[in-house]
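Numbered from 1 within each chain, the chains take letters A, B, ... in sequence-line order.
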Number of protein chains: 2
Amino acid sequence: MSQLLSLRDRKRTETWAALHDAAARLTLESGPDRVTTDAIAAQANVSARTFFNYFGTKEDAILGLQDPSIDENWLTAFNVETNLLDQVSRLLVHVVHSTEGGGDGESLRMEVVQQFPQLRQRRVAYFLKVEQLVRDVVTEGITASAKWADVAQHHRAEDISRMIVLIAGAPMRYAMQESAHAPTLDNQFAALSSAISLLREVLPEIQ
Amino acid sequence: MSQLLSLRDRKRTETWAALHDAAARLTLESGPDRVTTDAIAAQANVSARTFFNYFGTKEDAILGLQDPSIDENWLTAFNVETNLLDQVSRLLVHVVHSTEGGGDGESLRMEVVQQFPQLRQRRVAYFLKVEQLVRDVVTEGITASAKWADVAQHHRAEDISRMIVLIAGAPMRYAMQESAHAPTLDNQFAALSSAISLLREVLPEIQ
DNA sequence: TTACACAACTGCAAATTTGCGGCCCTGCAC
DNA sequence: GTGCAGGGCCGCAAATTTGCAGTTGTGTAA
C-alpha cells in the first residue's frame, strides 16, 4: 500500500476534502447564504463542531482555504541573494497551491467563485494573507543578508520586501488569469513561467 | 432525520458493523486462520488498535459477538412471579439477538459458522455467557421474591435459577434450529413461540 | 421597538481513535 | 533446539471528534 501518509493523516485529508466538497456542492445548489454549517457537516458525516476544527469560517470551507503556510523545504531553499524575483513568484504560487486544496475540488471551486462573486472578497483576503506570509520570509532574509545591507540603510526591510512581493505578485495574478480555463497544476506553472519571462521583458522598458 | 442515535452512537455502530463485516467476508475468502486482525482493520478503514477496542478476539469479530448485556427496559419489566418460563425464554433470545449484531451480517455469520465448524466452540462459549447473565438476573429476582421464599428454603437461589434457565433454554435452542434456514427476526420469534407452546405440552407429560 | 428564532462561531470536558512499544506464543529455518 | 519472524493482544499517551453550553450578530414578526 502507499504508506506515504499515516492512517491519521490520510483520514484528516479525507475529512478536509469531504467538508470542502460538501460545502462547495451545497453552495452550488442553493447559494452560500442558504447553506448552513450544520448541513455541510451532516453531508460530510461529521459533527457540527468538527466543521470548525477544519475551517475558521463557512466561506473558507466553500473555497477550500486553509491558513497559508510554507513547506520546510521551500523555506530552507529560499535565498534572497539570487533570482529573487523568480523565487518569490514561485513561492507565492506554491503557497497558494499547497494551501488551497490543490486536489480535485479545483473546478468545483472555480465554478463557485464564478457563480457567487461575493466570495471573491474572501479570496482576496486570503491572497493578502499569503502575501503577508511571503513578505515576512523576504523581510527576514533581507535583514540577515549582507548583499542587501546597502539598500536596507535607506529603507526599512519591511518596505523593501513589500515592494518586491508586489512586483513578484504580478506574474502570479497574470498566471492565474491565464490558467483559469484549464486549471491544472502544470498549466499554472507553465503560465507562471511565461508570465515571469514577460515581466523580465517589461521591467527594463518601464524604468 | 431519524435522530434516534447520536452521531457518536451511529458511528460506533457503523464501525462495529464494518469490522464484523470485514472479518466475516475475509474469513469466507480465506478461512479464519489465514486472516489477520491487521487485514480486518485495514478493510474496515480503522487502525489495528481500534480493532481491539471493539472485539476481544478475532473470532468474536468474525462471529459478531459482543459481551452480552440486557436492555434496561427488559430488566425493569422482568418479574419472577408470573410466566417465568416465557420470560426467561424470551429474555435469552432477546439478549442473543441484541448482542449478536442482529442486523445485516446475519446470513454472513450463518455462512461462516456453517463453513468453519471450529468457530462453533466460540459460539457455544458465548451462549454460556448469555445464560450466565440471565441466570444472575433470575437469581436476583428469586432472592428478592416472597413467592419463591419457600423453594429457596430448600435450595440455593443459584441452583433454582440454573434449573430454570436450563429448561427455558430448550425453546431457544429449538427455535434456533427451526429458524436456521430463514434467519429473520420474525422467524426467530415465531419459532420461539411455537417452541414454548411445545414445551408447555411436553412438561406435564414427563413429570 | 422589543422579542425572539436562527445561524455562525468558540471553549471545554468527555469519548474515541491512533501510534507505538511491549508481551506472549507458535511455527519454521538453521 | 535455538533463534527469530509473525501475529494476537494490551497499556498508555497524544491526536481527534463529539456534545454541549454558551456568545454574538442579524433578520423578522408582533
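Every residue meeting the side-chain contact (heavy atoms from CB on, under 4.5 Å) condition with R49(B), not counting sequence neighbours, appears here in chain and number order: S47(B), F52(B), N53(B). Qualifying side chain to side chain donor-acceptor pair (under 3.5 Å) partners for E14(B), counting only residues two or more places apart in sequence or in other chains: R10(B). Qualifying side chain to side chain donor-acceptor pair (under 3.5 Å) partners for R25(A), counting only residues two or more places apart in sequence or in other chains: D21(A). Under the side chain to side chain donor-acceptor pair (under 3.5 Å) criterion, E81(A) pairs with S145(A), not counting sequence neighbours. With sequence neighbours excluded, the residues that form a side-chain contact (heavy atoms from CB on, under 4.5 Å) with Q132(A) are R135(A), D136(A). For F78(A), there are no ring-ring contact (aromatic ring centres under 6.0 Å, His included) partners, not counting sequence neighbours. Partners of F55(B) by ring-ring contact (aromatic ring centres under 6.0 Å, His included), not counting sequence neighbours, listed by chain and number: W16(B). Not counting sequence neighbours, the partners of R156(B) by the side chain to side chain donor-acceptor pair (under 3.5 Å) test are D159(B).
Nucleotides of DNA chain C with any atom under 4.0 Å from a heavy atom of chain A span, from 5' to 3', dA7(C) to dG19(C).
In this structure, F55(B) places its CZ atom 13 Å from P of dC10(D), rounding to the nearest Å. Atom CG of N53(A) and atom P of dT18(D) are 9 Å apart (whole Å). L5(B) places its CG atom 14 Å from the C1' atom of dT18(D), with the value rounded to the nearest Å. In this structure, the CG atom of D38(B) is 9 Å from the C1' atom of dG8(D), given to the nearest Å. Atoms CG (L26(B)) and C1' (dG7(D)) sit 15 Å apart, rounded to a whole Å.
Taking for each of R8(A) and R8(B) the nucleotide of DNA chain C with the nearest heavy atom, the 5'-most of the two is the partner of R8(B). The nearest heavy atom of DNA chain C to K11(A) and to D33(A) marks one nucleotide each, and the one closer to the 5' end goes with D33(A).
Each end of the helix from dT1(C)-dA30(D) to dC30(C)-dG1(D) yields a helix axis from five base pairs, and these two axes differ in direction by 20° (to the nearest 10 degrees).
OP1 or OP2 of dG19(D) sits under 4.0 Å from a side-chain N or O of S6(B).
Judged by distance alone, with hydrogens and angles left aside, the side-chain atoms of H155(B) form no donor-acceptor pair with the main-chain N or O of I160(B) at under 3.5 Å. Checked by atom type and distance alone, the side chain of E131(B) never pairs as donor or acceptor with a backbone atom of G169(B) at under 3.5 Å.
Looking at residues 40-52 of chain B, you'll see V46(B), S47(B), R49(B), T50(B) sit with a heavy atom under 4.0 Å from some atom of DNA chain C.
Contact annotation for Y54(B): backbone-only contact, meaning every heavy-atom pair under 4.0 Å involves sugar-phosphate atoms and none involves a base.
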Taking distance alone, no hydrogens or angles, what donor-acceptor pairs closer than 3.5 Å link side-chain atoms of residues 26-37 of chain B to residues at least two apart or in another chain?
from: T27(B); atom 1: OG1; to: A23(B); atom 2: O; distance (Å): 2.7
from: T36(B); atom 1: OG1; to: A39(B); atom 2: N; distance (Å): 3.0

